[in-house]
**Student:** 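Can you read through this structure? Questions will come right after.
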Amino acid sequence: MSRYEPKAIEAKWQAAWDAAGTFTARRDPLKPKYYVLEMFPYPSGRIHMGHVRNYTMGDVVARYKAAQGFSVLHPMGWDAFGMPAENAAMERGGHPKEWTYGNIADMRAQMKPLGLSIDWSREFATCDPEYYGQQQAMFIDMMEKGLVYRKNAVVNWDPVDMTVLANEQVIDGRGWRSNALVERRELTQWFFKISEYSGELLAALDGLKDWPEKVRLMQANWIGKSRGLQFAFDTVGAPAGFAQIEVYTTRPDTLLGASFAAISPDHPLAKSLEATNPEIAAFVAECRRGGTSAEALETAEKKGMDTGIRVAHPFDPAWELPVYIANFILMDYGTGAIFGCPAHDARDFEFATKYALPIKPVFVAEGAEETALAEAFVPLKSEKVRYVRGFAGSDLQTGDEAVNAAIAHCESKGIGKGVTNYRLRDWGVSRQRYWGCPIPVIHCAACGVVAEKKENLPVKLPDDVTFDIPGNPLNRHPTWAATICPNCGAAARRETDTMDTFVDSSWYYARFTSPHAATPTVAEDADYWMNVDQYIGGIEHAILHLLYSRFFARAMHATGHLPAKAIEPFNALFTQGMVTHEIYTSMEGVPRRDANGEVVTDQMVRQVYHLPEEVEGLLPGKEPRTFLTSEVEAYLAANPTAERTDAYTFLAQNGRRVYITPSAKMSKSKKNVVDPMNIISAFGADTARWFVMSDSPPERDVEWTASGAEATFKHLSRVWALCSRIGEMPADHKGEGDDALRRATAKAVHEVTQGIEGFAFNKAIATLYGFTNTLAKANASTPAMKEAIRTLAQLMSPMTPHIAESIWTYQGGTGICAQAPWPKADPALLVDDTVILPIQINGKRRAEISVAADMPAAEVEKIALANEDVIKFLAGQPVKKLIVVPGRIINVVV
RNA sequence: GCGGGCGUGGCGGAAUGGUAGACGCGACAGACUCAAACUCUGUUUCCUCACGGAGUGUCGGUUCGAGUCCGACCGCCCGCACCA
C-alpha cells in the first residue's frame with residue numbers, strides 16, 4: 001500500500017458504491033426496515049460545517065444499521081421555497097427558480113464528496129411542481145375535512161414590501177428588510193386548524209420516549225394547557241348587544257377578591273365604544289400601535305381606561321365592578337376579557353395600584369394573618385393556603401383543590417362552566433409572496449371560495465414575473481390569476497397567497513417513502529417505511545417545525561394519506577449541537593467623515609473580522625496567546641459596545657495584532673467559518689467526518705480547531721501505515737499474544753457498538769484510538785493481526801467509510817465493507833479471567849490485588865487482609881466491616 | 001419574572017454509587033536529523049525533594065464508599081415571556 005491519499009480513494013469508493021447501488025433503499029419483506037432522516041437543508045448555495053456534522057451523524061447511524069442487517073432508507077432533499085430566493089432576485093436580478101436550482105446543484109456537488117450513504121434517487125426539492133402539486137391536493141382534502149379555513153387575523157404588515165411579516169421578522173417595530181414601520185392590519189388569512197389537536201398533541205408527548213425531554217417540555221409549554229372557569233358578567237350601562245361580558249379565569253377561587261373587570265382593546269365591546277367615544281378611540285389606537293416585540297421590551301407598564309360601564313358580581317348583584325379597557329389583555333386568549341384579582345396576580349396588582357382599585361386578599365399563607373399587601377401573593381397552586389374569602393371547599397386547602405371546588409360550586413349554581421383552554425393558536429399559513437406553494441383555491445363572485453379541481457393540479461407558479469417593484473408578483477401578474485370557477489364555470493380569480501414554507505417541511509418525510517408517486521403517498525410504501533426511526537436536526541426547530549409536522553401527520557392520516565401508526569412521525573429525535581470556532585478581529589484605522597464626506601479626524605478605530613486562514617500567526621505550538629494588554633483595554637474603553645477580547649496573536653501578513661474571542665457559532669458576518677470544501681481538499685472527507693464526530697458529545701457544540709483537524713488526519717495516516725505494515729508481515733509470522741489481541745478486539749467491538757447505539761460517537765472514537773494503539777503495539781501472529789485490522793476497518797467504516805473500504809479490501813475482506821455484517825463480540829472474550837481489585841481503607845484507595853474473576857468473596861477477603869500494604873495501613877486496628885463488591889472493589893472499614 | 005440544563009486538568013471531554021481525569025489537543029523531555037519540520041518513545045491534576053497530602057463551582061447531608069444521590073447557595077447557558 002502506498003501513502004494515504006484521501007482524494008484518490010474517496011473518489012474511487014464513491015464511484016464503486018454508486019455502481020453497486022449500495023445505498024438504494026428497497027422494500028425488503030425479509031428485513032426489518034430503518035428510516036434515518038436528517039432535517040433537509042435550505043439551498044443557500046454553500047454547505048457549512050453544521051451540515052457536515054448533521055449529515056455525518058445520520059450517516060453513521062444509517063451505515064451502522066445497514067451493517068446490522070436493516071433495510072435502510074436514508075434520503076436527502078431541499079427545503080427550497082422561501083424569501084431568500086426572492087430577495088436575491090430583488091437584489092441581483094434573475095429568477096428565484098434559477099437561483100434556487102442553481103444553488104441546489106452547487107450544494108449537491110459539495111455534499112457528494114462527503115461519501116454519505118444517501119439514496120439520491122429519492123431526491124426532490126419542495127419547489128418541484130411534482131411536490132407542491134401533491135401538497136395542494138392535500139390542502140384540498142384538508143379543506144374538505146374542515147382542517148383548513150379562512151378568517152380575519154391581525155398581522156404584521158410591511159407597507160413598503162407590501163407583505164405580511166412573521167413576528168421574528170419584525171425588529172424594533174420595523175420590517176427587517178425594508179426598515180419600514182410595521183402596521184397591524186386585519187387581513188383574511190388561511191389557517192390550519194392545529195388547535196383542534198391541542199389536547200392530543202399535548203397528551204401524545206408522553207409517548208415520545210426517545211425525544212429529548214427538553215423538546216417535549218418546550219412543546220408542552222407552547223401548547224399551554226390551562227383549566228379554568230368561563231362565566232358571564234351582567235353589565236350595567238353597556239351599549240346594546242353587550243348585556244353580558246364573558247370572562248375566563250384560571251383562578252375562580254379568587255372571585256371574592258375581584259376589584260375590576262378588563263377587556264382587550266380588540267374586544268368587540270371596545271370596538272363598539274371606540275366608534276362613539278373619541279377618548280376611547282384614541283386610547284385603543286395607542287394600544288394597537290406597535291404591539292410587537294419591541295413594545296414588550298420598551299415597557300411593561302399596565303395602562304387602562306375606565307369605560308364607565310359596570311358589571312355585577314355573579315355572587316352579589318349589588319356589588320358592581322368597573323370595566324376597563326386594558327393594554328395587557330390579549331383578544332385571542334380565553335374570551336379577551338378578565339376579572340382582576342389584584343391580591344393574587346402580579347399584573348392585576350400593578351394595575352390596581354395605578355388606578356387606586358381595592359386589593360383584598362382571598363387567602364393568606366398557612367398560619368398567617370390577613371395584612372395589607374405590598375405585592376401580589378402568588379404561591380404555587382400545589383401549596384396549602386388559608387382562605388379568608390373562600391366560598392367553596394375547606395378553609396385550609398391547596399390552590400388546585402380550591403380551583404376545582406370553585407368550578408364545581410359555580411357550575412352547580414349555574415354560574416359559568418369549567419373550560420380547558422390552550423395557548424396554541426391556529427396556524428396562519430397565508431404569505432403574500434411569490435416563491436411558495438400556491439394555495440389551490442379560486443374566488444368566484446357567485447360561488448365564493450372554491451377549491452381547485454384535483455385534475456387541474458398542480459397550480460403552477462408562473463415563470464414570467466418580475467421583482468422590480470415591491471409586493472406579490474402573483475397579485476399583479478396580468479393573466480395568472482384569471483381562471484374559471486370549477487363550480488359554475490364563470491370567470492373567477494385565483495387565490496394569490498402562497499403557503500408558509502413550514503407547510504413544505506411538514507410532510508417531506510412522508511414523501512420520501514414514495515418520492516415520485518402521482519399521489520402524496522403510496523399506502524404500501526408509507527406502511528413499510530414509516531415512521532422515521534431516527535430524526536436528527538437542530539434544536540432551533542424544537543417547536544415550530546416539529547409541532548407542525550406532528551399536526552400534519554395527523555391531518556394526513558385523517559385525509560387518508562398516512563397510516564394510523566404514523567400520526568407521530570418521528571420515533572426518536574436527536575438534536576445536535578453547533579460547530580463553533582474562535583473569532584479573530586483586528587483594529588483598523590478608518591478616516592472619520594462629516595455629512596459632506598470631508599475628513600474630520602485622521603482615524604477612528606474599527607473592529608474588523610478575519611477568516612481563520614488569514615491569521616497566519618496562529619501556528620500550533622507557538623503559544624501565541626497573551627492576556628489583556630493596555631492596548632486592548634484602551635480600545636474597549638473607547639468602544640463600549642465592542643466585544644471583550646481576552647487574547648491576541650498576530651496577523652502575519654502585515655504584523656497587525658489579532659485579538660481572539662472565544663468560540664461562537666460559525667457565522668459569515670464574524671468570519672469564523674471553515675469551508676468544508678477546503679478541509680476536504682486538504683485532508684479528505686474522512687478527516688472532516690471523523691473530526692466532527694470526535695471530542696464533543698453530539699448534542700453539545702463542537703469547536704473546530706485547525707490542530708484538531710490535523711490530528712485527525714495524522715491519525716488516519718497512522719492507521720493507513722499500520723495497515724501497510726500488517727499487510728507486509730510474512731504469512732507465517734507467529735508472534736505472541738493472539739489471545740490478548742482477540743480480547744482487545746472484542747472489547748473494541750463491544751464499546752464502539754455501545755457508543756453508536758447510544759449516540760456517544762465521541763466515546764466510540766475514543767475507543768477506536770485506544771484500539772488502534774493496542775493493535776500498533778501488538779506482536780501477534782499474522783492471521784490474528786489481519787483479523788484485528790479488518791475489524792478495525794469495519795468499526796471505523798460508519799465514521800470514515802472510504803479508508804475503511806481500502807483497508808478492508810487490502811486485508812482480504814469479502815465484498816464491500818459497507819455491506820459486510822457488523823462484527824459481534826464473543827461475550828466470553830469480554831470477561832477477563834483475572835481482575836485487579838483496588839482495596840480501600842475507610843474509602844481511600846491504599847492497595848490493589850489481582851485475583852481470579854470468579855474467586856468467592858470469602859477467599860478474596862482473606863487475600864485482601866493478608867496484603868502487606870493493608871496490614872501496614874491497618875496498623876493493628878480491628879476491622880469493623882469488610883465490603884467486597886465482586887469484580888469491583890474491596891473496602892475495609894476500621 | 002417563569003421553565004429547563006450545565007459547572008471535572010492549560011483546553012475539548014471520560015467515568016452502571018466502586019481505582020477521578022479514558023481518548024484527543026496543547027505542553028515538556030528523549031530518539032532520529034548538520035539543523036528544523038515530519039515521525040517515533042515517554043511524561044503531563046495540584047502541593048511536596050520525598051514519605052505523603054489535597055482535589056470534580058461553594059457549603060452541608062445520605063452512604064462502608066459521592067463527580068454521580070438529597071438540600072441550600074454561587075456562576076454560566078438555553079427556551080418562554082403580559083396566556084388571566
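Remember, it's a predicted structure, so these values are computed and weren't measured experimentally.
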**Student:** Can you check the distance between B:U58 and B:G9, where both ends of the measurement are the P atom (answer in whole Å)?
**Tutor:** 10 Å

**Student:** Would you kindly give the NZ-to-P distance between A:K777 and B:U41, to the nearest whole Å?
**Tutor:** 6 Å

**Student:** On a whole-Å scale, what distance lies between the C1' atoms belonging to B:G60 and B:A81?
**Tutor:** 35 Å

**Student:** For the residue pair A:K302 and A:F351, would you count it as a cation-pi contact if the rule is NZ or CZ under 6.0 angstrom from the ring centre and within 45 degrees of the ring axis?
**Tutor:** no

**Student:** How far does the C1' atom of B:C70 sit from the matching atom of B:C78, given to the nearest Å?
**Tutor:** 25 Å

**Student:** Is it the case that over 12 heavy atoms from other parts of the model lie below 6.0 angstrom from the NZ atom of A:K381?
**Tutor:** yes

**Student:** Can you find a side chain N or O atom of A:K225 that sits less than 4.0 Å from OP1 or OP2 on B:C83?
**Tutor:** no

**Student:** Would you kindly check if the NZ (Lys) or CZ (Arg) of A:R423 is within the cone defined by 45 degrees around the ring axis of A:W222 and under 6.0 Å from the six-membered ring centre?
**Tutor:** yes

**Student:** With the side chain of A:P697 defined as its heavy atoms from C-beta on, choose the nearest nucleotide among B:A14, B:G65, B:A84.
**Tutor:** B:A14

**Student:** Tell me what A:N773 touches on the nucleic acid: a base, only sugar-phosphate, or nothing, going by heavy atoms under 4.0 Å.
**Tutor:** sugar-phosphate

**Student:** Start with the C-alpha gap between A:F771 and A:Y769, add the side-chain angles, then the distance that decides, and say whether ring pair (Phe, Tyr, Trp, His ring centres under 6.0 Å) holds.
**Tutor:** CA-CA 6 Å; A:F771 179 50; A:Y769 270 114; over 10 Å; no

**Student:** Considering only atom P, compute the distance from B:G79 to B:A84 and round it to an integer number of Å.
**Tutor:** 23 Å

**Student:** Expressed as a whole number of Å, how far does the C1' atom of B:U16 sit from that of B:A66?
**Tutor:** 15 Å

**Student:** Given B:G65, is OP1 or OP2 found less than 4.0 Å from the side-chain N or O atoms of A:R845?
**Tutor:** no

**Student:** Starting at atom NZ of A:K763, determine the distance to atom C1' of B:C23, rounded to an integer number of angstrom.
**Tutor:** 12 Å

**Student:** Once you apply a heavy-atom cut-off of 4.0 Å, does A:I839 come out as touching a base, just sugar-phosphate, or nothing?
**Tutor:** nothing

**Student:** Any idea which of B:U16, B:U19, B:A84 is nearest the A:Y248 side chain?
**Tutor:** B:A84

**Student:** Does A:K714 reach a base, just sugar-phosphate, or nothing at all? Heavy atoms under 4.0 Å.
**Tutor:** sugar-phosphate

**Student:** Return the 5'-most residue of the pair A:S696, A:K844 with respect to RNA chain B, ranking by each residue's nearest nucleotide.
**Tutor:** A:S696

**Student:** Is the shortest heavy-atom distance from the side chain of A:F231 to the side chain of A:T249 under 4.5 Å?
**Tutor:** yes

**Student:** Taking a pair as Watson-Crick or G-U wobble with both distances under 3.5 Å, which nucleotide is matched to B:A31?
**Tutor:** B:U39

**Student:** Would you mind telling me which of B:A22, B:C64, B:U16 lies closest to the side-chain atoms of A:I883?
**Tutor:** B:C64

**Student:** Suppose you measure atom P in B:C38 against the same atom in B:C25; what distance do you get, rounded to whole Å?
**Tutor:** 13 Å

**Student:** Closest-nucleotide mapping onto RNA chain B: is A:D701 or A:I889 further toward the 5' terminus? I mean the 5' end.
**Tutor:** A:D701

**Student:** Check every strand shown and say whether A:V893 touches a base, only sugar-phosphate, or nothing at a heavy-atom separation below 4.0 Å.
**Tutor:** sugar-phosphate

**Student:** Look at the side chain of A:K302 and the base of B:C82, then say whether one donor and one acceptor between them are separated by less than 3.5 Å.
**Tutor:** yes

**Student:** Please give, in whole Å, the distance from B:C38 C1' to A:W720 CH2?
**Tutor:** 20 Å

**Student:** Of the nucleotides B:C83, B:G52, B:C64, which has the atom closest to the A:K881 side chain?
**Tutor:** B:C64

**Student:** So, under a plain 3.5 Å distance rule, would you say the side chain of A:R846 forms a donor-acceptor pair with the base of B:U19?
**Tutor:** no

**Student:** Which part of the nucleic acid, if any, lies within reach of A:T712 when heavy atoms closer than 4.0 Å are counted: base, sugar-phosphate only, or nothing?
**Tutor:** nothing

**Student:** In whole angstroms, how far is the C1' atom of B:A81 from the CH2 atom of A:W222?
**Tutor:** 11 Å

**Student:** Does A:D348 reach a base, just sugar-phosphate, or nothing at all? Heavy atoms under 4.0 Å.
**Tutor:** nothing

**Student:** Whole angstroms only, please: what is the NZ-P distance between A:K214 and B:C77?
**Tutor:** 13 Å

**Student:** Would you mind telling me which of B:U19, B:G13, B:G26 lies closest to the side-chain atoms of A:S707?
**Tutor:** B:G26

**Student:** Atom CG of A:N762 and atom P of B:G24: how far apart are they, to the nearest Å?
**Tutor:** 13 Å

**Student:** Can you tell which of B:G3, B:G65, B:G12 lies closest to the side chain of A:N221?
**Tutor:** B:G3

**Student:** Ring centres under 6.0 Å, that's the criterion: do A:Y355 and A:F260 meet it?
**Tutor:** no

**Student:** Verify, without hydrogens or angle tests, whether A:H344 (side chain) and A:V362 (backbone) share a donor-acceptor contact under 3.5 angstrom.
**Tutor:** yes

**Student:** Taking any heavy-atom pair under 4.0 Å as a contact, classify A:D345: base, sugar-phosphate, or nothing.
**Tutor:** nothing

**Student:** Could you tell me whether A:R347 and A:E350 make a salt bridge, using a distance below 4.0 angstrom between a side-chain N and a carboxylate O?
**Tutor:** no

**Student:** Taking the minimum atom-to-atom distance to the side chain of A:R423, which one of B:A81, B:G18, B:C82 wins?
**Tutor:** B:A81

**Student:** Whole-Å distance between B:C82 P and A:D266 CG?
**Tutor:** 15 Å

**Student:** When we call it a touch if two heavy atoms are under 4.0 Å apart, what does A:R425 touch: a base, just sugar-phosphate, or nothing?
**Tutor:** base

**Student:** For B:A81, give its Watson-Crick or G-U wobble partner with both distances under 3.5 Å, or none.
**Tutor:** none

**Student:** I'd like the C1' distance from B:U45 over to B:G10, given in whole Å.
**Tutor:** 11 Å

**Student:** Picking from B:A84, B:G79, B:G24, which would you name as closest to the side chain of A:M218?
**Tutor:** B:G79

**Student:** Check every strand shown and say whether A:L330 touches a base, only sugar-phosphate, or nothing at a heavy-atom separation below 4.0 Å.
**Tutor:** base

**Student:** Using purine N1 to pyrimidine N3 plus N6-O4 or O6-N4 for Watson-Crick, or N1-O2 and O6-N3 for G-U wobble, each under 3.5 Å, what pairs with B:C64?
**Tutor:** B:G18

**Student:** Do NZ/NE/NH1/NH2 and the carboxylate oxygens of A:D332 and A:R425 come within less than 4.0 Å?
**Tutor:** yes

**Student:** Between P on B:G4 and CH2 on A:W211, what's the gap in Å once rounded to a whole number?
**Tutor:** 20 Å

**Student:** Any side-chain N or O of A:Y333 under 4.0 Å from OP1/OP2 of B:A84?
**Tutor:** yes

**Student:** How would you label the glycosidic angle of B:G7: syn (within 90° of 0) or anti?
**Tutor:** anti

**Student:** Please name the nucleotide paired to B:A54 by Watson-Crick or G-U wobble geometry with both distances under 3.5 Å, or report none.
**Tutor:** B:U45

**Student:** Quote, to the nearest angstrom, the C1' distance that separates B:G61 from B:G52.
**Tutor:** 29 Å

**Student:** Which nucleotide, if any, forms a Watson-Crick or G-U wobble pair with B:C6, using both distances under 3.5 Å?
**Tutor:** B:G75

